[in-house]
Amino acid sequence: MARRREVGILKLGILTAALALGLAFPAQAQNKLTLTGSAQFTTDYMFRSITNTNQLPAVQPEFDLGYGIFWAYMWGSNTQFGEGIEIDYGAGISPKWGNFTFTIGGLAYTYPGANNDIDYFELKSGVAWARTGSQWNFGLTDYWSNDNFQVFGQSNAIEGTIGYALKNKWWNFFSPSISGTVGFQSYEEIASDYVYWNAGLTLGFLNHWSADVRYYDTDYSKQECLIQNGNKNGCDARAVGTLKVTF
């Protein structure tokens with residue numbers, strides 16, 4: 001318990017230092033306030049390879065605000081928790097150094113109307129590598145919560161991602177890319193730790209549209225999944241399709 005508290009204090013210290021560093025970074029581009037958004041329809045709302053909609057479809061709008069290295073967003077979805085609605089908020093900084101982008105920010109997961117208070121916070125910190133002209137990209141991200149769902153105590157998820165963009169269009173229309181994620185989620189109380197992963201193909205088209213087919217799985221048993229998710233089949237392997245538009 002004491003060790004987990006020390007980890008939490010360390011992460012909050014890192015956040016403070018990163019914010020100070022971000023403020024000290026020179027402007028890397030003209031600061032311009034931007035507002036963008038997206039909407040997606042998915043056959044299953046997957047969160048770290050576990051369904052959040054009891055294996056049912058979800059509609060998920062998002063709005064993003066950016067100014068220099070600063071960013072903020074609001075995201076929503078139907079879900080199986082609370083009154084069936086999830087609205088998330090986040091804000092942070094993403095300074096760049098060469099081909100590396102460092103990100104640190106706070107994420108709030110909220111469930112309006114829920115009878116029990118299950119809202120919780122995560123501290124996100126990560127680094128990503130991408131080079132102009134390269135087809136590859138890599139990332140490593142950590143998500144720490146002081147009280148996950150206000151049930152599981154402190155939690156931590158660390159995940160690595162890899163992506164590869166194919167050079168040539170398919171049928172002179174689709175811009176294909178493949179990507180995958182492997183992560184490890186740990187909990188302080190009640191739920192068991194687990195490994196999760198996904199891999200899939202994304203096809204971009206018409207500038208603002210994309211279609212994604214992705215395979216998800218975990219190493220959870222049905223009993224472990226029942227405790228964590230309330231659905232013993234919620235952690236089973238599955239393929240999920242997603243259609244997304246940005247604006």
Side-chain angles (χ1 to χ4, degrees), residues 1-16 18-19 42 44-56 58-63 71-93 103-126 141-159 181 183-196 198 216 218-236:
M1 182 74 73
R3 181 176 177 81
R4 289 181 180 271
R5 289 198 190 98
E6 290 169 2
V7 171
I9 292 170
L10 176 61
K11 288 179 179 290
L12 290 174
I14 292 172
L15 172 61
T16 303
L19 288 171
T42 183
D44 198 345
Y45 169 15
M46 302 297 290
F47 185 77
R48 295 173 192 159
S49 295
I50 298 178
T51 180
N52 271 6
T53 46
N54 278 325
Q55 306 170 75
L56 295 174
V59 176
Q60 300 170 331
E62 180 174 344
F63 296 95
W71 51 266
Y73 76 89
M74 181 173 67
W75 179 93
S77 179
N78 53 296
T79 182
Q80 72 190 53
F81 305 113
E83 292 297 301
I85 298 175
E86 176 181 343
I87 301 178
D88 300 342
Y89 308 89
I93 60 171
T103 294
I104 192 158
L107 316 179
Y109 302 82
T110 72
Y111 302 86
N115 292 329
N116 298 321
D117 191 0
I118 57 176
D119 299 351
Y120 68 100
F121 167 87
E122 281 190 334
L123 172 63
K124 175 182 178 181
S125 53
T141 308
D142 183 84
Y143 301 87
W144 172 81
S145 175
N146 63 323
D147 195 358
N148 190 291
F149 264 103
Q150 302 197 41
V151 173
F152 302 120
Q154 289 193 44
S155 69
N156 199 79
I158 184 166
E159 60 184 37
T181 297
F184 176 74
Q185 171 78 66
S186 62
Y187 296 103
E188 181 181 24
E189 300 175 359
I190 304 176
S192 300
D193 303 345
Y194 75 101
V195 177
Y196 60 93
N198 71 69
Y216 294 87
T218 75
D219 69 347
Y220 257 162
S221 68
K222 289 187 180 296
Q223 182 60 32
E224 289 172 325
C225 191
L226 180 64
I227 293 171
Q228 194 273 358
N229 183 257
N231 177 359
K232 67 179 182 179
N233 299 315
C235 311
D236 292 348

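Hydrogens, waters and symmetry mates are skipped; everything else that's a heavy atom, side chains included, is used.
- T53 and D44 form a side-chain donor-acceptor contact under 3.5 Å, judged by distance and modelled atom types alone.
- In this view, Y194 and Y196, Y220 satisfy the ring-ring contact (aromatic ring centres under 6.0 Å, His included) rule, not counting sequence neighbours.
- Between R48 and A157, the shortest heavy-atom contact is NH1-CB, 3.7 Å.
- The number of heavy-atom neighbours closer than 6.0 Å to CG of N116, taken from other residues, nucleotides and ligands shown, is 12 or below.
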### Task
For the pair Y187 and Q228, evaluate side chain to side chain donor-acceptor pair (under 3.5 Å) and give the outcome as yes or no after the intermediate values.
CA-CA 10 Å; Y187 296 103; Q228 194 273 358; 2.8 Å; yes
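- For the atom pair CD (E188) and CG (D193), the distance works out to 11.0 Å, reported to the nearest 0.5 Å.
- Closest heavy-atom contact between E122 and N148: OE2-ND2, 4.4 Å.
- Salt-bridge annotation for E159 and K124: absent, with no side-chain N of the basic residue lying under 4.0 Å from a carboxylate O of the acidic one.
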### Task
Show the numbers, then the answer: is there a side-chain contact (heavy atoms from CB on, under 4.5 Å) between Q55 and D236?
CA-CA 10 Å; Q55 306 170 75; D236 292 348; over 6 Å; no
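- Proximity of a side-chain donor or acceptor of S49 to a complementary backbone N or O of T218 within less than 3.5 Å is not detected.
- By the 4.5 Å heavy-atom criterion applied to side chains, Q223 and L226 are counted as neighbours.
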### Task
Begin with the C-alpha distance, continue with both residues' side-chain angles, and end with the deciding distance and a verdict on side-chain contact (heavy atoms from CB on, under 4.5 Å) for T103 and I93.
CA-CA 6 Å; T103 294; I93 60 171; over 6 Å; no
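- Note that the CD1 atom of I118 and the CZ atom of F149 stand 5.0 Å from one another [nearest 0.5 Å].
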### Query
Checking side-chain contact (heavy atoms from CB on, under 4.5 Å) for the pair I104/L123: CA distance, chi angles, key distance, verdict?
CA-CA 7 Å; I104 192 158; L123 172 63; 4.2 Å; yes
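- For the atom pair F184 CZ and D219 CG, the distance stands at 8.5 Å (nearest 0.5 Å).
- The side-chain heavy atoms of C225 and K232, taken from C-beta on, include no pair separated by under 4.5 Å.
- Note: S145 OG to Y109 OH = 8.5 Å, rounded to the nearest 0.5 Å.
- Side-chain atoms of Q150 come within 3.5 Å of backbone atoms of D119 as a donor-acceptor pair (strictly under, hydrogens ignored).
- Interatomic distance, CD1 of I158 versus CG of D142, reported as 5.0 Å (0.5 Å rounding).
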### Query
Given Q185 and N156, is the side-chain contact (heavy atoms from CB on, under 4.5 Å) satisfied, shown in steps?
CA-CA 6 Å; Q185 171 78 66; N156 199 79; 5.5 Å; no
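- No donor-acceptor contact under 3.5 angstrom links the side chains of Q60 and W75, judged on distance only.
- The two residues N229 and Q80 have their closest heavy-atom pair at O-NE2, 3.0 Å.
- By the 4.5 Å heavy-atom criterion applied to side chains, M46 and T51 are counted as neighbours.
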Can you give the donor-acceptor pairs under 3.5 Å from side chains of residues 81-89 to other protein atoms, not counting sequence neighbours?
from, atom 1, to, atom 2, distance (Å)
E86, OE1, Y45, OH, 2.8
E86, OE2, Y45, OH, 3.2

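- The shortest non-hydrogen separation linking Y216 to N198 is CD2-CB, 3.5 Å.
- At most 12 heavy atoms of other shown residues, nucleotides or ligands fall within 6.0 angstrom of atom CZ in F63.
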